[in-house]
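Keep in mind that this is a model prediction, so the values were computed, not measured.
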Amino acid sequence: MCELTNQQAYDYYHEVKESCAKDYWLKFLRDRANRGVEGAQDYVDKIEFCLAS
């Protein structure tokens, strides 16, 4: 079981510069959201909203 919080994964997404690293953290949060982890979809939505802008 991963003890990383959704907020930490979101923060890591914004800290990294490489696109492959950003892809990793977005996938990490999407996978959590797909498993029904509470709050994960909110972070995915925040990232995707910024990407669409």
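- One distance of note links CD1 of Ile47 with OH of Tyr13; it measures 5.5 Å at 0.5 Å rounding.
- Going from atom CD of Glu18 over to atom OH of Tyr24 covers 14.0 Å, rounded to the nearest 0.5 Å.
- Under the rule for a salt bridge (charged side-chain N to carboxylate O under 4.0 Å, His left out), the partners of Lys27 that lie at least two apart in sequence or sit in another chain are Asp31.
- Nearest heavy-atom pair, Leu26 versus Val44, reported as atom, atom and distance to 0.1 Å: CD1-CG1, 4.4 Å.
- Annotation: ring pair (Phe, Tyr, Trp, His ring centres under 6.0 Å) contacts involving residues 31-53, sequence neighbours excluded, comprise Tyr10-Tyr43.
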Would you list the atom pairs, donor with acceptor, under 3.5 Å between side chains in residues 33-41 and any protein atom, with sequence neighbours excluded?
unit_1, atom_1, unit_2, atom_2, d
Asn34, ND2, Arg30, O, 3.3
Gln41, NE2, Asp45, OD1, 2.7

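- With values rounded to the nearest 0.5 angstrom, Leu4 atom CG is found 5.5 Å from Tyr12 atom OH.
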